[in-house]
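Reading through the structure tokens given below for one structure.
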Amino acid sequence: MKIAPSILSADFGRLSEDIEAVVEGGADWIHVDVMDGHFVPNITIGPLTVEAARRSTDLPLDVHLMIENPDRYLEDFVGAGADVVTVHQEACPHLHRTLQKIRELGAKAGVAVNPATSLETVRDVLHDLDLLLVMSVNPGFGGQSYIEASTDKLARARVMLDAIESDAELEVDGGATASNVASIVGAGATVVVAGSAVYRHPDGAASGVRAIRSAAGV
């Protein structure tokens with residue numbers, strides 16, 4: 001299992017220190033949530049913050065584009081240092097072409113599906129994925145509670161990926177905590193995004209990462 005702390009929950013006034021803290025705790029990736037105020041009801045960060053994160057760590061930057069028309073910005077985010085770029089199925093009318101573009105730019109390509117979006121909508125692009133992201137909250141804000149039906153959805157996604165012998169990562173984003181991560185990993189997730197559970201841990205972000213890994217038992 002890989003743990004990808006979301007800097008959405010970090011203190012942007014001390015971003016470098018907050019990234020260093022999760023690296024110390026054993027984080028595997030750094031997750032960057034990009035929101036545009038259109039696709040989701042919130043505005044967060046852009047390529048300049050990705051550049052700042054890139055200067056702070058050598059860990060892979062997992063950039064999650066919750067934006068309309070992501071094709072316009074793929075080059076900017078890859079150029080800023082993104083190692084993985086994930087777009088939403090719901091925002092891409094020509095999804096296969098978008099995934100090809102991400103790979104052409106030199107990054108790994110991911111697709112996210114919202115809680116109400118069927119996995120069937122991405123079945124035809126599974127062979128083109130490096131990562132499949134199952135949203136376990138409705139995107140737009142950090143700190144939301146995990147949608148319990150997501151565990152079954154993860155299990156079904158795991159079956160779909162295994163059926164084609166895909167080595168794509170299966171990521172979950174939203175509401176992951178030390179109390180539910182064991183069932184999440186048991187359902188087949190290989191990457192767990194955690195924001196509030198890490199950065200709001202009473203003993204600090206490094207302890208938050210360690211607590212999730214310990215609870216996962218892997």
Salt bridge present between [X] and [Y] (N-O < 4.0 angstrom):
| X | Y | value |
| --- | --- | --- |
| Arg210 | Asp203 | no |
| Arg123 | Glu120 | yes |
| Asp28 | Arg213 | yes |
| Arg103 | Asp130 | yes |

| query | Partners of Tyr146 by ring-ring contact (aromatic ring centres under 6.0 Å, His included), sequence neighbours excluded? | reply |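 Here no residue qualifies.
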| query | Side chains of Glu20 and Ser56: donor-acceptor distance under 3.5 Å anywhere? | reply |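 Note: Glu20 and Ser56 side chains miss the donor-acceptor criterion.
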| Would Asp33 and Thr44 count as having a side-chain donor-acceptor pair, cut-off 3.5 Å? |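 There is no such pair (donor and acceptor under 3.5 Å, judged by atom type) between the side chains of Asp33 and Thr44.
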| query | Is Met35 close to Ile67 at the side-chain level, that is, under 4.5 Å between some pair of heavy atoms? | reply |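 No; the side chains remain at least 4.5 Å from each other.
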Closest contact, heavy atoms only, [X] versus [Y]:
| X | Y | answer |
| --- | --- | --- |
| Tyr73 | Asn69 | CD1-O, 3.8 Å |
| Val122 | Leu132 | CG2-CD1, 4.1 Å |
| Leu154 | Glu171 | CD2-O, 4.3 Å |

| Are Val125 and Ile164 connected, step by step, through hydrophobic side chains (Ile, Leu, Val, Met, Phe, Trp, Tyr) whose heavy atoms are closer than 4.5 Å? |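 Yes, it is one cluster - the side chains of Val125 and Ile164 are joined through contacts under 4.5 Å.
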| request: Establish whether Val32 and Met66 are linked, either directly or via other cluster members, by ILVMFWY side-chain heavy-atom contacts under 4.5 Å. | output: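 No, Val32 and Met66 fall in different hydrophobic clusters.
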| task | Report the residues that fulfil side chain to side chain contact (heavy atoms under 4.5 Å, CB included) with Pro47, sequence neighbours left out, ordered by chain and then residue number. | result |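 For Pro47, the residues satisfying side chain to side chain contact (heavy atoms under 4.5 Å, CB included) (neighbours in sequence not counted) are Asp76, Phe77, Ala80.
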| Hydrophobic cluster of Leu133, others only, ordered by chain and residue number, side-chain cut-off 4.5 Å |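 For the cluster that includes Leu133, the remaining residues are Trp29, Val84, Leu131, Met135, Val137, Val191.
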